[in-house]
Structures are given as structure tokens and as C-alpha cells.
**Student:** 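Please see the structure below; I have some questions.
Predicted, not measured: the structure shown is a model, and the values here were computed from it. Labels below follow one simple rule: chain letters A, B, ... track the order of the sequence lines, proteins then strands, and each chain is numbered from 1.
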Protein chains: 2
Amino acid sequence: MFSKACEYGIKAMIYIAQAGEGGRLVSLKEIAAEIQSPVAFTAKILQLLSREGILLSTKGAFGGFQLAAAADKINLAEIVKAIDGDRVFNGCGLGLKECNALKPCPVHFKFAAFREQLADMLQTTNLHELAAGLKKGVSFLYR
Amino acid sequence: MFSKACEYGIKAMIYIAQAGEGGRLVSLKEIAAEIQSPVAFTAKILQLLSREGILLSTKGAFGGFQLAAAADKINLAEIVKAIDGDRVFNGCGLGLKECNALKPCPVHFKFAAFREQLADMLQTTNLHELAAGLKKGVSFLYR
DNA sequence: TTTATTAAGGATAAATTTGTCCGATTTATC
DNA sequence: GATAAATCGGACAAATTTATCCTTAATAAA
């Protein structure tokens, strides 16, 4: 569904939303430990998210990352788009370059409905609610 | 969503359903040309589908492939499972090894509904209907 | 000012997926 | 029996994704 990079990216953002409340900066080391991801690879992903403007980074001692907006203003779609592009939202189910209602692949209309549901879900799910579940201990970032 | 191998596999099966009516054997060469896929790679995928029992292969001159069952008895879920395994059906959206209602990842329940819809769609979509669209010229396998 | 800590970023390596090549085998036809 | 057409299957190569290493730059604190 998503690339590994995107999975790490989503987990990192959820963790930062949960751990970075009150403007506290969260370090790469802490993030990678909490989401059980390879440190250097995670660094690349956080760099990307920073360049994309949905994360803020601060260098130097006691530096780290924080969300670029309130957690309830950042949705999953933004993160997925930043890392995996819009393949998830627009890409053809059978990989055709051009696939649309006028010249559809055989599964085009079967997929359309469901792709729309996915897009809607990603757009309406924000980091605040996901972080809340984590905080309450009803959801988990590893295992 | 699906691997490239799986995309080719689905396209190949749809094409065979359409071109192999009346028990006609369809050759690898023809299939690869029609779905615009690399011949040798497609061969591997068809071999796999044959081993999985959803395709029948015949060696030798005038040999080729045919569906192992009536087109309306083969659904997309079988093909996807044969090639990509059940990752699509069971895998966690964030890549966790263990992710279930008892120990869910943060997006588990958000994904569950939609994954179910996907599984349902794949299970209820059969090759016959997809091939029909192709035959009528309302859907396409390349571009 | 020195030191420790932290992110940035380039180069490289490992793993996986995708794709190619080629000889062996099977089968129909001449 | 020889030949041509077709799949099988193993080895290899290329491309992409995932992961690592190392140097540089920035910042806070001692």
C-alpha cells in the first residue's frame, strides 16, 4: 500500500505529535527508537518532511523536530503525498500511464470508488486523533 | 497497491479470459504483446499462476495457456493472493508484524473498513465481466 | 572557546523487485 | 526422424528501494 519510507514517516509524525506537545523538540534518536526504525533512514525521511514544510527541524544540542502546524491540522494525506507522491491517489490499479473514465483499464471503475474512500479517510484523519490513541495506550507504533 | 508482477498477472488473466474463449490456447508471445509486458518476466508470472493451479499450460508447438476454470469462476482475489500473497488482505497499514483489534496500530480501525471493501471487491470481481468490457472495446489493457 | 549534541547531506552498500538470457524439454507437423 | 514452436527453469543483470556510513554545519552548555 505505502512504501516503507512512508510507513516510517507516518509513524514518526504520529509519535512527534504525541511526544512533542507543548513545543518540545523530539530528537531523531528518540523517534527512531520509539517507532523501531533504522536511524539513518529515518533521518532521510524526516529531512524530506522538513523540506516539504510539514515538519520543522532545529539543529544543534537539544535540537530536534516538531510539527509545522497543530496536530489536528495535519492529515495523513499530506504525509503520504509528501513521501509517496500522488500515486496512491491517482495511480491506475493496473499500472497504466493513462487510465481515466474515457479510456479506463478493466478495473478502473471497480477501483475508483474504493480509492475515493481511501483518499477521504486519509484526508479526514489527523495526527491529533491518532496521537490521542497512542497516549491512552489503546494503540501502538511497533510489534 | 499491487506489485508490478501482480499487475501483469491480472492483465494476462483478463486477456486470456478474453482471447481464450472456446478453449483456444493463448501463447506467451501473444499475451505479452497484448498487455505490453516484458516477455520473459511475464513467463515467470504465468509459470507461477500455473503452479498455483489457476492457469493451465501446454508445452510444444501450438501450445499456450488457458484458464483452469470458467472465467466467471475466477476472481481477482485469487490472482492477487497467488502473486502478492495475503499482504493486501491482512497486512498492517503501517507495516507492523502483529497488528489486530487487541493490539492495533494507530490507523488499524481506519484501515479495516476500507481493506474489507477492497477484499470484497476483489472477491466479487471475476474475469468474465472484466473480459467482457475488453471485448466490447470499453476498457483497455495498455497505454 | 571548547565540547557535546544534534540535524543535513553526500556517498555507498545491501536487499528486493523487475527484467533478461539461454539451454532443456515437450509437442505438432513435415 | 528432423524441425519448428512453445513452455520450463536456472542463472544472471538492471533498477529501485531500503539502509548505512561519514563528514559538515549548527547550537547550547560548560
**Student:** Roughly how far apart are A:Ser3 OG and A:Ile45 CD1, rounded to 0.5 Å?
**Tutor:**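 Between A:Ser3 OG and A:Ile45 CD1, I get 7.5 Å after rounding to 0.5 Å.
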**Student:** So what does A:Gly60 hit on the nucleic acid, given a heavy-atom distance under 4.0 Å: a base, only sugar-phosphate, or nothing?
**Tutor:**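 Touches a base.
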**Student:** Of all the nucleotides listed (C:dA8, D:dG10, D:dC21), which has the minimum atom distance to the side chain of B:Lys44?
**Tutor:** D:dG10
**Student:** Hey, could you give me the CZ/CD distance between B:Arg143 and B:Gln36, rounded to the nearest 0.5 Å?
**Tutor:**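 So the gap between those two atoms works out to 8.0 Å.
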**Student:** How about NZ on B:Lys103, more than 12 heavy atoms from neighbouring residues, nucleotides or ligands closer than 6.0 Å, or not?
**Tutor:** yes
**Student:** The side chain of B:Ala61 lies closest to which of these nucleotides: D:dT7, D:dG9, D:dA4?
**Tutor:**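 The answer is D:dA4, which lies nearest to the side chain.
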**Student:** Rounding to an integer number of Å, can you tell me how far B:Arg24 CZ sits from D:dA6 P?
**Tutor:** 11 Å
**Student:** What's the closest nucleotide to the side chain of A:Pro38 if the choices are D:dT20, D:dA28, D:dT7?
**Tutor:**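 Of all the options, the side chain of A:Pro38 is nearest to D:dT20.
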**Student:** When the distance from CZ of A:Phe65 to C1' of D:dA26 is rounded to whole Å, what number comes out?
**Tutor:**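 About 13 Å, once rounded to whole Å.
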**Student:** In whole Å, what is the span from the CG atom of B:Leu56 to the P atom of D:dC8?
**Tutor:**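 Spelled out: CG on B:Leu56 to P on D:dC8 is 11 Å.
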**Student:** To the nearest angstrom, how far is B:Leu28 atom CG from D:dA5 atom C1'?
**Tutor:**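 Going from CG in B:Leu28 over to C1' in D:dA5 covers 12 Å.
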**Student:** How close or far is atom P of C:dT27 from atom CG of B:Leu25, stated in whole angstroms?
**Tutor:**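 Value for this atom pair: 13 Å.
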**Student:** In terms of the nearest nucleotide of DNA chain D, which residue is placed more toward the 5' end: A:Ala5 or B:Gly64?
**Tutor:**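 Comparing both residues, the 5'-ward one is B:Gly64.
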**Student:** Would you mind telling me which of D:dA5, C:dG19, D:dA26 lies closest to the side-chain atoms of A:Lys59?
**Tutor:** D:dA26
**Student:** Could you identify the nucleotide paired to C:dC30, looking across every strand shown and requiring Watson-Crick or G-U wobble geometry with both distances under 3.5 Å?
**Tutor:**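 Across any shown strand, C:dC30 pairs with D:dG1.
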**Student:** Is any side-chain nitrogen or oxygen of A:Thr58 closer than 4.0 Å to OP1 or OP2 of D:dA26?
**Tutor:** no
**Student:** Is it true that, when you exclude A:Phe62 itself, more than 12 heavy atoms of the residues, nucleotides or ligands shown sit nearer than 6.0 Å to its CZ?
**Tutor:** no
**Student:** Could you tell me the separation between the CZ atom of A:Phe41 and the C1' atom of D:dC21, rounded to a whole number of Å?
**Tutor:**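 Rounding to the nearest Å, CZ of A:Phe41 and C1' of D:dC21 are 15 Å apart.
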**Student:** Does a side-chain N or O from B:Ser57 land closer than 4.0 Å to OP1 or OP2 of D:dC8, or not?
**Tutor:**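 Affirmative; the distance criterion is met.
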**Student:** With the side chain of B:Gln47 defined as its heavy atoms from C-beta on, choose the nearest nucleotide among D:dC8, C:dG19, C:dT6.
**Tutor:** D:dC8
**Student:** Distance check needed: C:dT16 C1' versus B:Lys4 NZ, whole Å only.
**Tutor:** 16 Å
**Student:** Measure the distance from CG on A:Leu48 to P on C:dA8 and round it to the nearest whole Å.
**Tutor:** 11 Å
**Student:** Report yes if a side-chain nitrogen or oxygen of A:Arg51 is closer than 4.0 Å to either non-bridging phosphate oxygen (OP1 or OP2) of C:dA8; otherwise report no.
**Tutor:**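 A:Arg51 to C:dA8 OP1/OP2: no side-chain N or O under 4.0 Å.
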**Student:** When clusters are formed by joining ILVMFWY residues with side-chain heavy atoms under 4.5 Å apart, either directly or through shared neighbours, do A:Leu96 and B:Leu130 land in the same one?
**Tutor:** no
**Student:** Check this for me: B:Tyr142, atom OH, are more than 12 non-hydrogen atoms of other residues, nucleotides or ligands nearer than 6.0 Å?
**Tutor:** no
**Student:** Check every atom of D:dT20, C:dA7, D:dT18 against the side chain of A:Ala40 and return the nucleotide holding the closest atom.
**Tutor:** D:dT20
**Student:** Just to confirm, is there a sub-4.0 Å distance from OP1 or OP2 of D:dT18 to any side-chain nitrogen or oxygen of A:Tyr8?
**Tutor:**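 No, because none of the side-chain N or O atoms of A:Tyr8 sits under 4.0 Å from OP1 or OP2 of D:dT18.
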